[in-house]
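Predicted, not measured: the structure shown is a model, and the values here were computed from it. Throughout, numbering of the chain's residues begins at 1 and tracks the sequence.
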Amino acid sequence: MKKVVVCVGGFLLGLSLWGQRVNHPALLFTKERVEAAKARVQSDICMARCWADIRKVADAALEKNDLNRSDYLALAYLMTDDRRYADRLKSILQSVTQARTWGSEEMLSRKPVWRADLGLSHKCLMAALAYDAIYETLSSRERKELAEDLLRLGVEPSLGDWVLEPTRIHSLNSMGHNWWTSCVYNGGMLAMALQNELPEAVEWVETLNEAMPEWFGFAGDVLQAKIKSFDEAGGMYESLNYANFGIQEALQYRIAWQNTHPGRKAPELPQLERLPDYFVQVCYPRTGILYNLNFGDSHKNVTAESSMMLLYALGIRRPEILWYINQVQEGQHRDGYFRNRPMGFLYMPDCSKAPAVPDVATSCLFADFGWAVMRDSWKKDAAMLAVKSGQTWNHSHADANSFILFYKGVDILKDAGNCWYPNPAYRNYFFQSQAHNVVLFNGEGQSREQQYQGSYLRGSLHYLMDNGKMKYVLANGTGPMSDKFSRNFRHFLWMDKVIYMIDDIAAHKPGHFEWLWHYNGKAVKRGADVTVTSDSASVVIRPLYPRLLALSDFVHDYPDDLYWEVKKGPTEDLKGEEEYYSFHLPGEHKRVKGLTAVILKDSPDDKDLPMMERTEGKDWIGLKVRRNGKVTDIYINQLADGRLMHNNSWITADGWTTDAYMFAVTYDEGTDPAKASEMFVCYGSALRRGEVSYYSSLSKLFVMQRREGKKLDLRVEGQPHIRAAFRQPSCPAELEVNGQRQKAVYENGNVILKSKL
């Protein structure tokens with residue numbers, strides 16, 4: 001009886017394992033994808049050209065023993081059935097499996113030993129694609145022998161170091177960024193390829209599949225100052241370059257798992273639906289190759305088309321993905337999945353129906369990791385301002401409150417970039433605050449140890465607002481600079497073609513404040529302005545507070561004004577040096593209010609610039625800006641910067657009474673300012689003129705108001721529960737609040753807003 005049970009048990013186990021068998025090729029280069037590509041080669045000239053490029057690389061690889069070209073050889077074999085490609089792959093696998101280890105000398109010397117790194121991960125992926133492609137050409141003995149060697153060299157070190165007990169040494173808290181998905185899921189890809197010969201791999205493949213939500217959903221921790229991996233708005237803190245790489249590695253595994261487990265449902269990953277918005281929002285469409293934000297260890301040429309096409313293959317069929325892929329040019333960066341490379345050849349979707357512009361907002365805040373993006377349109381070569389104030393660690397530089405301005409196809413005010421990590425310039429310059437558009441104190445920025453230990457008090461961004469005509473965001477870089485500053489706020493207010501940057505900084509002791517400006521192109525100082533020009537792009541940098549730039553080199557005639565200095569740093573390619581500007585006050589100060597206008601010129605020869613007049617009164621400073629028959633008055637409340645304990649910061653400025661930190665009104669020249677068509681209130685509970693209240697709220701809010709005809713557009717931030725009144729000459733026929741239509745409630749000359757944000 002016992003023997004019967006054993007036989008039945010063995011039979012059932014065999015059925016179970018047979019049900020998990022992989023029908024090769026089944027990982028990424030599936031029969032369906034290959035057949036579809038063959039058909040397109042016959043009818044699509046571009047696909048035919050790309051196939052010719054791929055086969056040329058594969059043919060060259062026939063003469064070598066290069067595992068790194070296994071994807072080309074595998075695709076060439078599956079497309080042609082030419083056994084030369086399969087035989088070369090077999091030879092390569094038999095050769096590389098003679099090695100004692102695939103680990104690197106550097107990693108193997110660590111304590112504890114790191115057996116698996118990115119190099120080993122890539123070998124696993126290439127070996128998996130090769131084994132998957134030529135499986136049917138191998139004998140049972142060859143399959144088994146190769147499987148056992150690949151287990152020893154690739155699968156066991158990868159999964160043993162990164163996932164499986166009792167040998168795991170890494171956690172999501174210590175290495176839960178792009179390395180984790182690469183090492184885990186490329187090792188898992190190889191395990192998936194070998195599971196016919198290695199029954200134990202079936203369980204490992206399932207373990208990795210179930211672990212994926214943990215990586216995407218990692219919430220960070222307090223003790224080691226790790227932030228959550230993915231922002232609620234879809235982004236990832238690790239810079240675009242590494243975010244795309246880490247996401248790509250996970251998505252490839254998910255596709256391969258679905259291909260090898262037909263009918264099975266993969267674990268839910270809600271983050272995937274939001275990823276296209278992230279990749280779109282951080283890109284800059286232009287005439288020429290697509291640029292992207294290069295905060296941290298990324299480059300503006302790097303794109304995310306690989307992750308985008310994998311998302312599309314997984315069923316996230318957003319039109320914005322097609323638009324994005326259409327912006328990317330073949331070969332524009334090293335690691336792309338372009339159509340003349342195997343993955344791009346098989347997974348590039350048909351982009352012929354891509355929209356002309358993406359249907360997404362022109363502004364986006366990634367509050368969890370501290371990026372904000374604002375642009376004036378989605379047309380190519382538009383103006384785009386990006387602001388960073390978040391985590392510092394690993395691939396995120398010491399750049400709290402920094403920014404990049406793209407304009408007319410150029411990053412006209414730029415990030416200095418990065419370089420190869422072992423080079424001293426990386427740790428001594430590119431990572432440090434000096435390489436970014438920030439304010440230094442006594443020549444210093446964020447503490448250097450933040451590069452290695454993280455910023456336990458990280459920066460943050462708040463209150464992003466955009467009504468189409470006006471944009472605003474608040475950057476708080478106090479935490480990363482808290483050893484020097486008790487306040488470190490930078491407001492970005494974009495009105496018309498002027499970006500106003502308001503710095504509110506208080507130090508623990510008197511010292512020297514220094515503003516840095518990294519630029520792309522040629523910079524010329526004329527009088528109180530610095531004009532930066534690159535091709536057709538040109539902007540004017542105009543410091544207005546705390547002082548103007550000294551008008552000339554005769555600085556002894558301007559003892560209190562801002563001095564300037566042209567400094568030098570290494571270029572990103574390390575082939576030379578480039579200049580950047582430093583503006584600094586001549587004396588020591590403990591508290592400053594800085595106001596700088598960045599004026600976007602229509603062309604380098606544009607002379608129609610706004611006229612700006614500094615204004616000042618009791619407890620306030622301001623600016624009167626005139627342009628094209630419009631006047632904008634900007635007021636900054638000197639009492640509302642935290643110096644008053646209970647924050648009753650009431651001022652009267654040019655007839656306005658308010659407790660707002662800052663406010664601005666725009667009106668037709670020669671008319672009453674009370675008839676302003678546009679109004680901005682920054683952190684205020686009321687704005688009055690005479691006996692009339694034009695805005696009132698019990699709590700201090702951030703408010704944008706724009707009136708066009710009978711339409712009133714309100715943008716309100718600051719509190720979850722709001723009850724506010726806005727003075728209007730009549731009940732608006734159309735009311736929009738934070739982009740949503742609402743029915744107007746009009747009482748006693750006021751629009752009453754009751755809202756839960």
Give me the atom names and distance for the closest heavy-atom approach of [X] to [Y].
X: Val360; Y: Glu320; value: CG1-CG, 3.9 Å
X: Leu314; Y: Gln258; value: CD2-OE1, 3.4 Å
X: Asn259; Y: Leu27; value: ND2-O, 2.6 Å
X: Phe702; Y: Cys682; value: CE2-SG, 3.6 Å
X: Trp162; Y: Arg168; value: O-CD, 3.5 Å
X: Ala660; Y: Val681; value: CB-CG1, 3.9 Å

> Would Asp504 and Arg487 count as a salt bridge (charged side-chain N to carboxylate O under 4.0 Å, His left out) if you check the C-alpha gap in whole Å, the side-chain angles of each, and the deciding distance to 0.1 Å?
Replying inline: CA-CA 7 Å; Asp504 173 4; Arg487 293 176 68 86; 2.7 Å; yes
Say whether [X] and [Y], considering side chains only, have a donor N or O and an acceptor N or O under 3.5 Å apart.
X: Asp297; Y: Tyr426; value: yes
X: His491; Y: Tyr661; value: yes
X: Ser455; Y: Gln391; value: yes
X: Ser306; Y: Asn244; value: yes
X: Glu238; Y: Ser396; value: no
X: Thr303; Y: Asn292; value: no
X: Asp503; Y: Trp515; value: yes
X: Gln446; Y: Gln450; value: yes
X: Thr478; Y: Asn476; value: yes
X: His177; Y: Tyr242; value: no
X: Trp257; Y: Glu206; value: yes
X: Ser121; Y: Ser182; value: yes

Are the side chains of [X] and [Y] in touch, meaning some heavy atoms are under 4.5 Å apart?
X: Met343; Y: Leu28; answer: yes
X: Asn301; Y: Arg334; answer: no
X: Tyr407; Y: Val598; answer: no
X: Leu385; Y: Arg375; answer: no
X: Pro349; Y: Leu322; answer: yes
X: Val282; Y: Met384; answer: no
X: Pro213; Y: Leu269; answer: yes
X: Lys469; Y: Glu678; answer: yes

Separation of [Y] [atom2] from [X] [atom1] (nearest 0.5 Å):
X: Met470; Y: Asp713; atom1: CE; atom2: CG; value: 10.0 Å
X: Ile499; Y: Trp494; atom1: CD1; atom2: CH2; value: 5.0 Å
X: Ser755; Y: Gln740; atom1: OG; atom2: CD; value: 10.5 Å
X: Lys388; Y: Asn437; atom1: NZ; atom2: CG; value: 12.5 Å
X: Gln332; Y: Leu290; atom1: CD; atom2: CG; value: 6.0 Å
X: Asn401; Y: Leu474; atom1: CG; atom2: CG; value: 8.5 Å

> Knowing that exactly one of Lys414, His436, His518 qualifies, which makes a side chain to side chain contact (heavy atoms under 4.5 Å, CB included) with Tyr580?
Replying inline: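 With Tyr580 as partner, side chain to side chain contact (heavy atoms under 4.5 Å, CB included) holds for just one option, His518.
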Got a salt bridge between [X] and [Y], using NZ or NE/NH1/NH2 to carboxylate O under 4.0 Å?
X: Asp376; Y: Lys471; answer: no
X: Arg715; Y: Glu736; answer: yes
X: Lys300; Y: Asp411; answer: yes
X: Lys226; Y: Asp221; answer: no

Do [X] and [Y] have their ring centres less than 6.0 Å from each other?
X: His170; Y: Trp179; value: no
X: Phe680; Y: Phe663; value: no
X: Trp180; Y: Tyr185; value: yes
X: Phe441; Y: Phe485; value: yes

>> So, applying ring-ring contact (aromatic ring centres under 6.0 Å, His included) with His395, which one of Tyr421, Phe431, Phe295 is it?
In response: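 The residue from Tyr421, Phe431, Phe295 that satisfies ring-ring contact (aromatic ring centres under 6.0 Å, His included) with His395 turns out to be Tyr421.
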> Is the count of non-hydrogen atoms from other residues, nucleotides or ligands lying under 6.0 Å from Arg317 atom CZ greater than 12?
Replying inline: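 Count over threshold, so yes.
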>> Counting only heavy atoms not in Glu268 (residues, nucleotides, ligands), do more than 12 fall under 6.0 Å from its CD?
In response: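 Atom CD in Glu268 is not packed in, count stays at 12 or less.
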When you measure from the side chain of [X] to the backbone N and O of [Y], does any donor-acceptor pair fall under 3.5 Å?
X: Ser174; Y: Ser171; answer: yes
X: Asp368; Y: Glu232; answer: yes
X: Glu572; Y: Asn418; answer: yes

>> Pair Trp215, Phe230 - check ring pair (Phe, Tyr, Trp, His ring centres under 6.0 Å), show working.
In response: CA-CA 9 Å; Trp215 183 78; Phe230 283 85; 5.4 Å; yes
> Which of these, Arg339, Gln248, His333, Gln329, sits in a side chain to side chain donor-acceptor pair (under 3.5 Å) with Glu305?
Replying inline: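 The residue from Arg339, Gln248, His333, Gln329 that satisfies side chain to side chain donor-acceptor pair (under 3.5 Å) with Glu305 turns out to be His333.
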>> I'd like to know whether His299 forms a side chain to side chain contact (heavy atoms under 4.5 Å, CB included) with Asn241, so could you lay out the CA-CA distance, the side-chain angles of the two residues, the decisive distance to 0.1 Å, and finally the verdict.
In response: CA-CA 7 Å; His299 191 277; Asn241 179 32; over 6 Å; no
>> One pair to check against ring pair (Phe, Tyr, Trp, His ring centres under 6.0 Å): Tyr337 and Tyr347. What are the steps and the verdict?
In response: CA-CA 9 Å; Tyr337 280 8; Tyr347 283 86; 8.4 Å; no
>> Would Gln719 and Leu701 count as a side chain to side chain contact (heavy atoms under 4.5 Å, CB included) here? Give the steps.
In response: CA-CA 7 Å; Gln719 293 295 328; Leu701 303 176; 3.9 Å; yes
